[in-house]
Each structure stands twice: as structure tokens, then as C-alpha cells.
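Everything numeric in this text was worked out from a predicted model, so none of it was measured. Computation of the quantities below employed the complete heavy-atom set of this structure, encompassing side-chain atoms and omitting hydrogens, waters and symmetry-equivalent molecules.
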Amino acid sequence: MKIAFVGKGGSGKTTLSSLFVRHLAARDTPVVAVDADINQHLGAALGLDDSESAALPALGAHLPLIKEYLRGSNPRIASAEKMIKTTPPGEGSRLLRLQEDNPVYDACARAVALDGRDVRLLATGPFTESDLGVACYHSKTGAVELLLNHLVDDREEYLVVDMTAGSDSFASGMFTRFDMTFLVAEPTRKGVSVYRQYKEYARDFGVALRVVGNKVQSADDVDFLRQEVGEDLLVAFGHSDWVRAMEKGRPRPFAELEDDNASSLSALYETADAAYELRDWERYTRQMVHFHLRNAESWGNEKTGADLAAQVDPSFALGEGPRRAAAPQPA
């Protein structure tokens with residue numbers, strides 16, 4: 001299951017992403033966490049210290065390796081240099097599984113111990129001084145989009161992505177890649193403004209969206225959120241001494257999380273799990289191709305000097321079950 005956490009900057013989406021990852025780990029559910037925010041804080045929220053967070057390998061720095069691996073023996077892709085962030089898989093492409101070992105995970109993932117359970121953590125890498133004025137942050141998240149395009153995941157395993165803040169998530173087609181999107185909103189006018197944007201943009205693409213209230217202090221806060229977002233409001237998180245201790249560098253066992261917040265995390269899990277019944281691999285593949293063709297026409301063809309529409313394999317669709325169209329693993 002592929003889960004995204006979105007929201008305005010400062011809403012607490014990284015904190016809630018990390019809590020959901022911990023909740024899954026506590027259930028012994030296989031989980032891979034991805035920090036795709038321009039401000040890279042998910043590692044710290046999962047308990048890494050500053051040096052450990054800084055040492056996380058950047059997906060963007062390994063893009064050539066990622067492209068070469070995923071390309072496999074796909075005859076429609078002449079070289080890794082001809083791949084862009086939206087290139088879809090086809091016959092001969094290598095597909096990814098969340099629980100496998102492969103060169104991409106070897107280079108880019110690091111194990112994080114959460115109460116004795118290891119989860120894989122991937123990070124796009126921070127926006128650096130060398131990027132200022134010359135780079136778009138979405139070029140860094142392109143590695144995540146490629147991985148999502150080539151991922152075949154099952155019901156009882158999770159990819160949890162802490163997305164970039166605000167409506168920037170719509171700068172690529174990545175927002176359509178998830179089984180469930182949790183939008184974290186504070187009980188303020190600014191807090192719900194991103195919800196309105198997301199709801200409007202996502203409507204035409206069948207994006208499953210639920211709102212998670214955060215920093216809620218009273219019943220009036222809950223009433224405000226419900227007035228603004230209606231039935232999309234799923235749960236509301238209030239103050240957490242457990243989170244405050246974590247932020248101070250004094251972590252407690254996850255089992256000590258407050259009962260009401262633990263119950264809210266269970267509601268997130270149940271909602272995400274229920275989304276499995278709505279999974280439509282054919283639609284997922286169509287949307288992938290749709291955004292690839294748009295990117296190819298807009299900038300990709302010019303950048304690569306190739307007709308990237310030719311990369312689309314009309315007979316191929318992602319799906320569960322046995323690995324499809326996988327090339328042999330490298331020696």
C-alpha cells in the first residue's frame with residue numbers, strides 16, 4: 001500500500017508520517033519510509049540524530065544508478081540517459097518490491113531501528129546552496145516518482161511518503177500514485193486552504209483523500225475542521241507529551257503513546273487498508289502514461305533529444321502477483 005502525507009508547512013505532517021510508520025512497525029507490518037519534503041526532517045522524527053540524518057544517502061545523487069537498474073532490458077528505452085522522472089515500465093523493465101534486496105536499496109536505503117524493529121528509510125536529499133537559482137526541487141523528487149512507477153506492492157506492506165509541503169505536490173503526477181492520501185490540517189483558515197486546493201486538483205484523478213486534524217485543542221477546533229472539510233475529516237490529533245519528549249531528544253517506548261492518539265493511528269491504518277479494495281492497476285498505469293506524455297511534450301523530448309512517447313508499452317500494465325517483465329538481476 002502506498003500512503004502519502006501532505007499538508008502546509010508546519011502542519012505536523014512529518015510528525016504524523018513518522019507516527020504512522022512507527023504504528024506499522026509496531027504491528028510488524030513491513031514498511032518503507034520516504035522523505036520527499038524539501039525540508040528533510042523525517043529521519044529526525046524517526047529518532048535519528050543530526051549526524052545520522054545528514055549521512056542518509058540522497059536518492060537524487062543516485063539517479064543514474066536508479067535509472068540503469070529500472071531500465072533493465074526494456075527495448076523501448078535506448079539508455080538510462082533517455083529516462084525522465086515519469087518514464088513508465090514496460091516489457092523488460094525491472095520492477096521493485098518493498099521487501100526485496102536490490103542495488104537501489106543497497107545504495108539509497110538505510111535501516112532505522114524502531115523499538116527493535118527495522119524499517120527502511122529513503123530520502124530525496126536536501127535542497128542545497130548549489131541548487132539555488134538553478135534547480136527545481138522537483139528534479140530531486142523525480143527519483144521517488146520513478147520508484148513509484150516501478151513499484152509492485154501488496155496489501156500487507158506499506159510505502160509511506162512524507163511529501164513536500166503545500167500544493168507543490170501537484171508539480172508532478174506523483175500525487176496520483178498513492179492508494180490513500182492523508183492531508184494534515186490545523187484548525188485554522190490557513191490550515192484548511194491546502195485542503196481546498198488538493199481537493200480541487202485531485203478530483204479529476206480519483207485520488208483518495210482524507211483529512212487528519214492536528215494541533216487540535218478543543219471540541220470547537222474539531223467543529224471548525226468538520227465545517228470546513230465535512231466528511232473528509234477522519235481523526236484529530238491533540239497535544240502529545242510523547243511527541244514533545246521525542247522532539248527534545250528524550251524518546252520513550254512507542255507503547256507509551258497516549259491512548260487517544262494511538263486510537264487515531266489505528267483509524268489511519270484501517271482507512272488505508274480499506275483503500276485496497278479500490279485499487280485499480282489499469283487506472284494507475286493510464287495515469288502514469290498520461291503524465292509521462294505531458295512531461296515528454298513539455299520538456300522531456302527537448303532535454304533528451306528523443307521521442308519519449310515511444311517509451312510507452314501499450315501492452316503493459318502494473319499488477320500484483322508474480323513479477324512481470326523483470327529482467328535478470330545483475331551479477
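- Put simply, the residue from Arg244, Lys215, Gln217 that forms a side-chain contact (heavy atoms from CB on, under 4.5 Å) with His239 is Arg244.
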Can you check side-chain contact (heavy atoms from CB on, under 4.5 Å) on Leu318 and Tyr284, steps first, answer last? CA-CA 8 Å; Leu318 280 175; Tyr284 183 90; 3.6 Å; yes

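- Two different hydrophobic clusters hold Leu234 and Val211 under the rule that ILVMFWY side chains link at heavy-atom gaps under 4.5 Å.
- Ring centroids of Phe178 and Phe5 are separated by 6.0 Å or more, keeping the two rings apart.
- Residues Gly43 and Asp35 come closest through the heavy atom pair N-OD2, 4.3 Å.
- Contact detail for Pro57 and Cys108: the closest heavy-atom pair is CG-O, 3.3 Å.
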Steps toward side-chain contact (heavy atoms from CB on, under 4.5 Å) verdict (Met83, Ile77): CA-CA 7 Å; Met83 293 179 72; Ile77 304 173; 3.5 Å; yes

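- For His292 (side chain) and Leu308 (main-chain N/O), a donor-acceptor pair under 3.5 Å exists by modelled atom type.
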For Leu225 and Val222, run side-chain contact (heavy atoms from CB on, under 4.5 Å): C-alpha distance rounded to whole Å, both residues' side-chain angles, the deciding distance at 0.1 Å, then the answer. CA-CA 5 Å; Leu225 286 171; Val222 176; 5.8 Å; no

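- At distances below 3.5 Å, at least one donor-acceptor pair connects side-chain atoms of Arg177 with backbone N or O atoms of Gly173.
- A donor-acceptor distance shorter than 3.5 angstrom exists from the side chain of Glu258 to the backbone of Trp242, with no hydrogens or angles considered.
- In summary, the side chains of Glu186 and Ser11 do not present any donor paired with an acceptor at a separation below 3.5 Å, with no hydrogens or angles considered.
- Within a 6.0 Å sphere centred on CG of Asp280, heavy atoms belonging to other residues, nucleotides or ligands number more than 12.
- From Gln287, atom CD reaches atom CG of Asp204 across 10.5 Å, with rounding to the nearest 0.5 Å.
- The backbone N or O of Asp259 sits less than 3.5 Å from a side-chain atom of Ser263, completing a donor-acceptor pair.
- A 4.5 Å side-chain heavy-atom check between Leu96 and Val152 finds every atom pair outside the cut-off.
- Checking side-chain atoms of Asn149 against main-chain N and O of Thr86 turns up a donor-acceptor pair under 3.5 Å.
- Between the CG atom in Leu147 and the OH atom in Tyr69 there is a gap of 11.0 Å [rounded to 0.5 Å].
- Put simply, the side chain of Val229 does not reach to within 4.5 Å of the side chain of Arg196, judged on heavy atoms.
- Residues passing the salt bridge (charged side-chain N to carboxylate O under 4.0 Å, His left out) test with Lys82: none are found, sequence neighbours excluded.
- The main-chain N or O of Pro253 is never found under 3.5 Å from a side-chain atom of Asp115 such that the two would form a donor-acceptor pair.
- Between Tyr158 and Tyr269, the ring planes are tilted. Angles from 30° to 60° get that label.
- Panel note: side chain Thr304, backbone Gly300; a donor-acceptor pair is recorded below 3.5 Å.
- Closest of all the heavy-atom pairs between Ser264 and Ala236 is OG-O, 3.8 Å.
- More than 12 heavy atoms of other residues, nucleotides or ligands lie within 6.0 Å of CD in Glu277, so this atom counts as buried by the packing criterion.
- In terms of hydrophobic clustering, with Ile, Leu, Val, Met, Phe, Trp and Tyr side chains grouped at heavy-atom distances under 4.5 Å, Leu42 and Val184 are assigned to a common cluster.
- For the residue pair Asp232 / Tyr195, a side-chain donor-acceptor distance below 3.5 Å is found, with atom types taken as modelled.
- Contact check for Glu247 versus Thr15: side-chain heavy atoms found under the 4.5 Å cut-off.
- Looking at Lys8 and Gln197, their side chains never come closer than 4.5 Å, going by heavy atoms from C-beta outward.
- In this model, no donor atom of one side chain and acceptor atom of the other lie less than 3.5 Å apart for Asn102 and Arg97.
- One distance of note links CG of Asp153 with CD of Gln99; it measures 10.5 Å at 0.5 Å rounding.
- In this structure, Gln40 contributes its side chain and Gly125 its backbone to a donor-acceptor pair below 3.5 Å.
- Between atom NE2 of residue His41 and atom OG of residue Ser18 there is a gap of 12.0 Å, rounded to the nearest 0.5 Å.
- Closest approach of Thr124 and Ala36 over heavy atoms only: CG2-CA, 3.6 Å.
- Without hydrogens or angle criteria, Glu52 side chain to Asp49 main chain gives a donor-acceptor distance under 3.5 Å.
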Apply salt bridge (Lys or Arg N to Asp or Glu O under 4.0 Å) to residues Asp37 and Lys13 and explain how you reach the verdict. CA-CA 10 Å; Asp37 194 357; Lys13 66 179 181 60; 3.0 Å; yes

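- Linking ILVMFWY side-chain heavy atoms closer than 4.5 Å, directly or via other members, places Val119 and Leu159 in two distinct hydrophobic clusters.
- The shortest side-chain heavy-atom distance between Leu268 and Leu265 falls under the 4.5 Å cut-off.
- Counting heavy atoms of neighbouring residues, nucleotides and ligands inside a 6.0 Å radius, atom CZ of Arg283 exceeds 12 of them.
- Between the side chain of Ser298 and the backbone N or O of Asn295 there is no donor-acceptor pair closer than 3.5 Å.
- Nearest heavy-atom pair, Leu19 versus Phe254, reported as atom, atom and distance to 0.1 Å: O-CZ, 3.9 Å.
- Nearest heavy-atom pair, Arg71 versus Ser79, reported as atom, atom and distance to 0.1 Å: CD-C, 3.6 Å.
- Trp299 and Val312 fall into different hydrophobic clusters, where Ile, Leu, Val, Met, Phe, Trp and Tyr are joined by side-chain heavy atoms under 4.5 Å apart, directly or via other members.
- Taking the ring axis of Phe182 as reference, the NZ or CZ atom of Arg210 does not stay both within 45° of it and closer than 6.0 Å to the ring centre.
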Please assess Val6 against Phe175 for the test side-chain contact (heavy atoms from CB on, under 4.5 Å), listing each intermediate value before the final yes or no. CA-CA 10 Å; Val6 301; Phe175 75 97; over 6 Å; no

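- Side-chain atoms of Asp220 and Ser218 form no donor-acceptor pair, as typed in the model, at a separation below 3.5 Å.
- Counted within 6.0 Å of CD on Glu156, heavy atoms from surrounding residues, nucleotides or ligands total more than 12; the atom is thus considered enclosed.
- More than 12 heavy atoms of other residues, nucleotides or ligands sit less than 6.0 Å from atom CG of Asp106.
- Rounding to the nearest 0.5 Å gives a distance of 11.0 Å between CE of Met163 and CG of Leu183.
- Looking at Val31 and Phe20, their side chains never come closer than 4.5 Å, going by heavy atoms from C-beta outward.
- Within the 4.5 Å cutoff, the side chain of Met180 has no heavy atoms near those of the Met1 side chain.
- Leu148 and Leu209 fall within a single hydrophobic cluster, where Ile, Leu, Val, Met, Phe, Trp and Tyr are joined by side-chain heavy atoms under 4.5 Å apart, directly or via other members.
- Under a 4.0 Å N-O distance rule, the pair Arg120/Asp101 qualifies as a salt bridge.
- Atom CE of Met288 sits about 12.0 Å away from atom CG of Leu293, to the nearest 0.5 Å.
- At a threshold of 4.5 Å between non-hydrogen side-chain atoms, the residues Arg22 and Met246 count as touching.
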